[in-house]
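Note that the structure is predicted; figures quoted are calculated from it, not measured. Chain naming here is simple, since letters A, B, ... match the order of the sequence lines and numbering starts at 1 in each. As a basis for the values below, the full set of heavy atoms in this structure was taken, side chains included, without hydrogen atoms, waters or symmetry mates.
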Amino acid sequence: MSLKDTLIPFKAWGNLVKKPVTLKDPMREGAPRYRGFHKNDVDTCIGCGSCEAICENEAIVMVPAEGIETKDGDSGLRPLVDYGRCCWCGLCVDVCTTGSLSLSNEHTWICEDPEELKYIPGIDKKPWDEKEEGWKKPVPNYHFYGQERVSMEEMEAEERGDSFIEFVKGYSKEQAQKEADRCVECGICVATCPAHMGIPEYIKAIRNDDIEEGMRVLYETNPLPEICGRICTHKCEDVCSVGHEGDPLSIRWLKRYIADQVPSDKYKEILDTQKIYKGDKKIALIGAGPASLSAAYYLSLLGHNCTIFEKLDKAGGMMRYGIPEYRLPYDQIDKDVKYIESLGTEIIYNTNVDAAKFMELKENYDVVYVGTGLHLGRSTAIPGSDHEHVFQSIDLLREITEGKEIMVPEKVVVIGGGNVAMDITRSIARLQKIKYGKVGVITTSLEKEEVMPADREEVVEAREEGSIINPGWGPKSIEIEDGKIKGLHVVRCLSIFDETGRFNPSLDEDDKNFFEADMIVESIGQGMDISYLPEELKEKIEFGPRGRINVDDYFQTSLDWLFAGGDMIQGPDVIHGIANGHKAAIGIDNFLNKK
Amino acid sequence: MKQVLEKLSASFEIEDIVYQRDDLTFLSAKKENLINLITHLRDIEGFSHFVLLSCVDWIEDDKFQLTYFLNKPEEKYDLGIRCMIDRKEASMDSAHHLWKQIATYQREIKEMFGVDFPGSPGVDEPFILEGWDNIPPMRRDFDTKQYSADTFFPRERPKTNDPKEYMKEQMHPGEWGEYRKEKK
Amino acid sequence: MSLLNIETDRSKYPVKGEDGKLQIDLDSHKYVKLWQGPNHPGVTGNMALELTLAGDEIVESKTHVGYLHRGFEKLIERRLFVQGLPTSIRMCVAEPDSNEYVYSTCVEQLSGIDIPEMAKWIRALLLEMARLQALLRVVPGQGGTFALGLGVQWGVYMRELILDRFEELTGGRVYHMFMTPGGVRGLLPGGFKKRMEENLKEIDQFVINIDNLMYSNSVFKKRAIDVAVLDPSWIDKYGAVGPVARSAGYNRDVRKDYPYLIYDQLDFEPKVMNHSDIYNRSRIRWYDIQTSVDLIRQIMAKMPEKGDIKAETPNVLHWRIPKGETYVRSEASRGEYGLYMVTDGSDKPRRINLRGPSYTQAVALLQDLLVGANIADVAAIMVSLQTCPPEIER
């Protein structure tokens, strides 16, 4: 120790002449990334509750918010943040499925009552609502769940273009689990699914590799999972919360995955239906489509004896005769149908129910359920549409299924923009490929590309297979020369609906086009055929707008012994039919119990 | 290090060797061999740094797992030695004579898990919990949340809603839930 | 000097009885029982020392903890892996980033996830900044234990500067929660490096000022040199790590010995000394400040500008980890800071156990080191071991 050691600390006195570093009030603002109080863009938010799920402090609760309506894809709930619990970690922002939630950089809020320190961001106005700065979801490539859908293995267009073999191969276990992992379990999809299937639950079963539990969840609400897993219109995927920032979950393929894993002979064991109670009530169901099959399944579980009367020689209705085999192989329909049959339902094939037969059924059965669907094709009624080579898509599809030979010329024009139009387009394309080695189908629809009712992937795949999809044209007339079809005249379609929302296409007559064709297929919708209803009953049944039969919540018509469901009531699609059938089964059971 | 382990496994009945990382290996030893094993590792094999003594409750197997972490500074190598002991009247030989800090670990484990280390200094004195009158709190069957709710004055969490259930109520009242109505 | 050396009357001191324990009869009025803490300005946090004094010399010391037990390890057992992060950091207030690093790395290792290069650099930067801000508090704090409060004021200001940078980068000042399992939550904001460099320049000056104020200060030297000397054989015997071990001649530094993240790409040599008294234990941390400053500069110069910040992870809401266990360590300012994690195949950890340096140093080591020390030096000895009670009882 030296004199230096004694003196040198006094250098610190030099600080007396330095400027103080103290911060003066008011405090400076938080940094641009500061994690302060929450903000929420309530119009973007869908109330999926992922923020609540990730919050480790249970600081977030989902509550109904004023001015927010519950609708498909939006639960109507919004997060309420309790600052007595929040630790400002911001994980809620990072996980937010829509990106609506963020934190402002405001960090001071003083109030006397601790219960005041909670609010619904975006609903309860706060001074920091408009502040730009604060914590936002990190970029780039920072995600708390997979953004991209696990791609499904499919046959290439060249490979599948000339065959009716199913081209979507289905998920493997690894793929299914990876896809199932992306689910945030919000359950928003359930309300939108017409059958209200337990979607989060069966996806969870896939994650847990518990196929049996998955099967049980499926059959709670849907007795046709093999079918639905392939061709469902998957409205659930349209509202999937994961789809807001990434690809929606592949809910349909996951359903198919579960059903594909279980062999037919295990069904009864897994679903615990080896022994079911059978009562003495008899129900006649007309048409072996999804609506009747679903109703028969649930009625069997409820202890009733069901008999289905089918006009054709196989079950499935539109699922078999309307949907081409490359999308839904017939053995998968058989698998679902056989299980329903095994529970005691009898299907009587090749039986056309007419008015006389109908009255007979009324006499012999406790309840009659009709699920006869929409099997009458609608015509455009344009000049020339009465030509013998103008066909209805629904008739052609049925004939293809029945194995009949249909007319397949080199040039075909299909009118229509829905899934049925795509089905016939792709079926004819396949037949042409087999016959001529090349494809010559043009499909045109009133709707523009963006609003075509067909599923997007149907349009894309049809094009991959060589068909030309040329939407946005209104058919004017069919040109016929020497008794042969030359082609279709069309004009540009500007809009389909008028201001009042009615179907009233407006056409631009100057913008013309001509599609060459030897044959024309109309696929603009179907109507129902209820000619089997005896006239005296028709008078007693109440009909609603557009000729639909009026039914109550349980699909009971104004005649208490007559129930109706499926495409003729709601839809048209398989899942509505299934939902109707299920509900009607409960309705029928209630009715029979009261009787 | 593999050779050392092979040599040891002959004399100390080592099993379940897991090479977790290049510098970390886990292995299991029997209760009666454990103190001998770590003494050997310290004195002969140069594992001079004792890192950690930890306890894991495998309630479903009715076992406690004690994990002794030893580190060899010269080779930069870690060994995690597992020892399974019965959960009922759990007790283990004390190792406090090998490293001074072990007494602290053993005292904490006694308090938090209820594993006794007879002879360890101060092992029966409360370490963290004074006047504790419940089961040892780190055991899996001790419910922290329930204890907190019973003991303190929890502030009520506002009522929350499940999106699925709420949507059902709002959009389709009475429609779900009746499903799966079966008569067996 | 010899004038100050007063021979004490050793006959009044307690002797060991047959059971090997000191025979202390408080009724004899020869001894005083004194509790230092849990609330005491000289105690680093909530911890109590039960001291038995003969005159002003300590004859027996016992560490008592339990004043801030929050049961974090237990709480994390009932949280999802991603939810464990905001809880785990609170196990050490002074340097929460080490918790983030070891926790996230355990999760990543057990799920077999490699984080992107960019994330590694940012994690290293955060860890070094965390070490620096902790050292900026503890180095002048050593002067504080000798009533030299001026350096503490300086240090607090310097630490605030680093906290400003933390706030800018991570959105939080003290608890950063930036190293989520799988990566980090953002890139450096624009202009960060420039502002950081300005702060580092101020810290360079602070290092000189502190040297003048403390380490060249005759009073400080008188109080610190040759006080509470730690025998090198005690290092392994008591499990001492970090600066305490390095001051006693053990060249142990996790960053060097088990290079994690990108530390193998950095050029540094931890300081080692051969005489562990209060002075050197504090001095070595003063060198550590310079190492950290240098490392921050190196990291900022070498790190890539852009890159992915997060690896692909399972959905955090149902992230499951197969049965397994691991131990991950990092070098905190106090030394080896490790986490033992056991998983059981569920979406929550089966057990996590933190190994903080103070667990050994502030209980077993401190108790024995205090025997024979003067009552006036207790606070200084505690700080020289950089005691942090939260990591003892978690």
S.K.: From A/R35 CZ over to C/T170 OG1, what is the distance, rounded to the nearest 0.5 angstrom?
M.R.: 5.5 Å
S.K.: Under 4.5 Å between any side-chain heavy atoms of C/P86 and A/L91, yes or no?
M.R.: yes
S.K.: With distance as the sole test, does C/Q83 use its side chain to make a donor-acceptor pair with the main-chain N or O of A/A53 at under 3.5 Å?
M.R.: yes
S.K.: What residues of residues 188-207 of chain C sit under 4.5 Å from chain A when you count only heavy atoms?
M.R.: C/L188, C/P189
S.K.: Between C/D347 and A/R207, is there a salt bridge with N-O shorter than 4.0 Å?
M.R.: no
S.K.: Just verifying a value: how many Å separate C/L317 CG and A/D181 CG, rounded to the nearest 0.5 Å?
M.R.: 9.5 Å
S.K.: For C/Y215, is it the side chain, the backbone, both or neither that has a heavy atom under 4.5 Å from a heavy atom of chain A?
M.R.: neither
S.K.: In the structure I gave you, are the side-chain heavy atoms of A/N208 and C/R320 within less than 4.5 Å of one another anywhere?
M.R.: yes
S.K.: With a 4.5 Å cut-off on side-chain heavy atoms, are A/N57 and C/R79 touching?
M.R.: yes
S.K.: As an exercise: rank C/G172, C/P314, C/G186 by heavy-atom pairs under 4.5 Å with chain A and give me the winner.
M.R.: C/P314
S.K.: First locate atom CZ of A/F144, then atom OG1 of C/T313, and finally report the distance between them rounded to the nearest 0.5 Å.
M.R.: 7.5 Å
S.K.: Any idea which of C/D211, C/L75, C/N209, C/L169 has the most non-hydrogen atom pairs under 4.5 angstrom with chain A?
M.R.: C/L169
S.K.: Among A/L7, A/I54, A/T6, which residue forms the greatest number of heavy-atom pairs with chain C at distances under 4.5 Å?
M.R.: A/I54
S.K.: Got a donor-acceptor contact below 3.5 angstrom from the C/H318 side chain to the A/K204 backbone?
M.R.: no
S.K.: How far apart are the closest heavy atoms of C/E168 and A/A31, and which atoms are they?
M.R.: CA-CB, 3.8 Å
S.K.: Please look at C/N212 and chain A and tell me whether the side chain, the backbone, both or neither of the residue comes under 4.5 angstrom of a heavy atom of that chain.
M.R.: both
S.K.: Taking side chain as C-beta onward, heavy atoms only, is C/Q153 less than 4.5 Å from A/N15?
M.R.: no
S.K.: Below 4.5 Å from any heavy atom of chain A, which atoms of C/E167 appear? Answer side chain, backbone, both or neither.
M.R.: both
S.K.: Would you give the length of the straight line joining atom CZ of C/R185 to atom NZ of A/K136, rounded to the nearest 0.5 angstrom?
M.R.: 13.5 Å
S.K.: Select one option (side chain, backbone, both, neither) describing which atoms of A/D94 are under 4.5 Å from chain C's heavy atoms.
M.R.: side chain
S.K.: Is C/L187 close to chain A through its backbone or its side chain, or both, or neither, when contacts mean heavy atoms under 4.5 Å?
M.R.: both
S.K.: Once you round to the nearest 0.5 Å, how far does OG1 of A/T22 lie from OH of C/Y157?
M.R.: 9.5 Å
S.K.: Which atoms of C/W154 come close to chain A, meaning under 4.5 Å heavy atom to heavy atom: side chain ones, backbone ones, both, or neither?
M.R.: side chain
S.K.: Would you indicate whether the side-chain heavy atoms of A/N141 and C/K310 approach each other to under 4.5 Å?
M.R.: no
S.K.: Between A/R182 and chain C, with a heavy-atom cut-off of 4.5 Å, which part of the residue counts as in contact: side chain, backbone, both or neither?
M.R.: backbone
S.K.: Just verifying a value: how many Å separate C/N217 CG and A/I8 CD1, rounded to the nearest 0.5 Å?
M.R.: 10.0 Å
